[in-house]
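Because the structure is a prediction, the values reported are computed rather than measured. A note on names: the letters A, B, ... follow the listed sequences, proteins ahead of strands, and every chain is numbered from 1.
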There are 2 protein chains.
Amino acid sequence: MKRSHRVGAICQILTESPQKIFGYKYFCDMFSAAKSSISEDIAAAKEAVAATGYGYIETISGTYGGVKYVPDISSDKAVCIQENLCSMLKEENRILGGGFLYTSDIMYNPEIVKGMAQIFAKKFSSSGADYVATIETKGIPVAFMTAHLLNLPVVVIRRETKISEGATVSINYFPGSSERLQKMSISKRAAEPGSKVLIIDDFMRGGGSIKGLVEIFSEVDIEVVGIGVAIANIEPQKKKVSDYFPIVYLGEVNETEKTVEAISNFQIF
Amino acid sequence: MKRSHRVGAICQILTESPQKIFGYKYFCDMFSAAKSSISEDIAAAKEAVAATGYGYIETISGTYGGVKYVPDISSDKAVCIQENLCSMLKEENRILGGGFLYTSDIMYNPEIVKGMAQIFAKKFSSSGADYVATIETKGIPVAFMTAHLLNLPVVVIRRETKISEGATVSINYFPGSSERLQKMSISKRAAEPGSKVLIIDDFMRGGGSIKGLVEIFSEVDIEVVGIGVAIANIEPQKKKVSDYFPIVYLGEVNETEKTVEAISNFQIF
């Protein structure tokens, strides 16, 4: 195999499995090549990946050393993703009654979700999280894609207890000021006590659901090390959780004028 | 930039966005290179990707032509994924009361989910689906990852009607022979009438939920062009849907002996 073929293959293999460490031996065996040759290939792969603006290849030294692909995103690309999200939110045919917006098509679109997940993965790359957590349903794709980029398992908090979840711990919480009490439950097998989670969700208004997540994790001795939401409503300004990271803010939804206010989070990285 | 760098970058960019067509011009502009040079790079990228066993690069001719990455999986890799899934299912500590198995850790693990999605994406690559559909909750990750590999949007059928879904169509269905009537609903905005969907779910016992999905799609004039399930229970042998594709079969779960029977689907491709 030629150098350019090996470099291409290395770039593809690393990109397919973000954050997974591949020893040099893996590539030596795959290409029946000497370590010195693979070293040069990897140096070239590093330069190749650095040029695309999607991430970088990192070398890990030591016995379990090797190389891994770290998804990253340039500020330019992040701004494009934010602006695209804002302009989608402003489409007037999303406006439902009661000031609600239809966003399922956004949250279930793999390309858009991947963009948001790239922003979360960069933002929380040093969070030390062992899991990415969300509450069903609409935040699952973005939480899952973030977890894929960080190479972490997902924990999904259910609203109802299911027999297939085994023993569970449940709490009651107030999702918002005027709504009724709701329930959420976590399987006792879902995450190890003493571990750390990163919460990712699609939308936050008052922060009631996210506060519920923080509470339920506290019940099972799990620490929340970060909170990311795709869309944060500007109102109410006082949220039930203080430290959260939104990709965009949603302002007034005017049903009469058919206008939606959406603004990028300018303090993104 | 050297050829090997360009080839590596092309492999990475195509892999990041499966099934998305990139014109030659995109790469000419990116690398400030002539079309003849990019043609040679792409030829090298094709050979590089062909060597990894993960997919291939396809050339599309015509005005909107270019190249795209088609995820594929070798039979060897598919068999490994199936065997790994079977051995996980056989772990005795998964056994819950009533013959249920705990599988959330499997269905929420990005690496395992990606493997299953690669099998589904290959199996249904020619299905002509416009959407990938699932019913909440545990099948969402594998449906979403399959959709990512096929570059299609996802439709998630909800069990309860939500205000943020807008106008919905609902049906009542029997999930199983002994269970009570349940409800599922689809947002009228979720998919275009006249379009085609591929159903992907995590588990099927009698096929009641899947039959419900087929019915609800029929109500909104959408055709089901394929059904894939990660795990199909062997019993009952007579399912409510006839044409489905499982990755593995689940046999007897013996609570006393602490044994689980799990078998690969040998007719995979």
Please check if any side-chain donor atom of A:T15 sits under 3.5 Å from a side-chain acceptor atom of B:E16, or the reverse.
-> no
inquiry  = Within the supplied structure, the quantity of interest is the number of heavy atoms (other residues, nucleotides, ligands) at a distance under 6.0 Å from A:K77 NZ; does it exceed 12?
reply    = yes
When the 4.5 angstrom heavy-atom criterion is applied to B:S104 and chain A, the contacting part is side chain
If one checks every heavy atom of B:Y108 against chain A at 4.5 Å, the contacting part turns out to be both
So, the part of B:A147 with a heavy atom under 4.5 Å from chain A: the answer is both
* To do: Taking the side chain as every heavy atom from C-beta outward, state whether B:Y102 and A:S164 have any pair of such atoms under 4.5 Å apart.
  => no
Of the listed A:R6, A:R3, A:Q12, the one with the largest count of heavy-atom pairs under 4.5 Å with chain B is A:Q12
Checked B:T137, B:I10, B:N151 vs chain A; the most non-hydrogen pairs under 4.5 Å come from B:T137
For residues 111-122 of chain B against chain A, heavy atoms under 4.5 Å, the residues are B:E111, B:V113, B:K114, B:Q118
Applying a strict 4.5 Å limit to non-hydrogen atoms, the region of B:I106 in contact with chain A is neither
Cut-off 4.5 Å, heavy atoms of chain A, and the answer for B:L14 is neither
Most contact-rich option vs chain A, by heavy-atom pairs under 4.5 angstrom, among B:P141, B:A9, B:P153, B:A44, is B:P141
Under 4.5 Å to a heavy atom of chain B? For A:A143 that would be neither
Honestly, the part of A:L149 sitting under 4.5 Å from a heavy atom of chain B is neither
Per-residue tally against chain A (heavy atom, under 4.5 Å) across B:M145, B:M107, B:K162 peaks at B:M145
* Sub-4.5 Å side-chain heavy-atom contact between A:Y54 and B:I13 -> yes
Q: Take atom CD of B:E91 as the centre, draw a 6.0 Å sphere, and report whether it contains more than 12 heavy atoms from other residues, nucleotides or ligands.
A: yes
Start with the C-alpha distance between A:I140 and B:I140, add both sets of side-chain angles, then the distance that settles side chain to side chain contact (heavy atoms under 4.5 Å, CB included), and finish with yes or no.
CA-CA 7 Å; A:I140 297 176; B:I140 297 175; 3.8 Å; yes
When the 4.5 angstrom heavy-atom criterion is applied to B:E160 and chain A, the contacting part is side chain
Bottom line for A:L96: the part with an atom under 4.5 Å from chain B's heavy atoms is side chain
Looking only at A:H148, A:K138, A:K20, A:M30, most heavy-atom pairs under 4.5 Å shared with chain B are made by A:H148
Okay, A:K46 and chain B: the region with an atom under 4.5 Å from a heavy atom over there is neither
Ranked by heavy-atom pairs below 4.5 Å to chain B, first place among A:D105, A:N109, A:I163 goes to A:I163
Under 4.5 Å to a heavy atom of chain A? For B:R158 that would be side chain
If one checks every heavy atom of B:A50 against chain A at 4.5 Å, the contacting part turns out to be neither
Applying a strict 4.5 Å limit to non-hydrogen atoms, the region of B:Y69 in contact with chain A is side chain
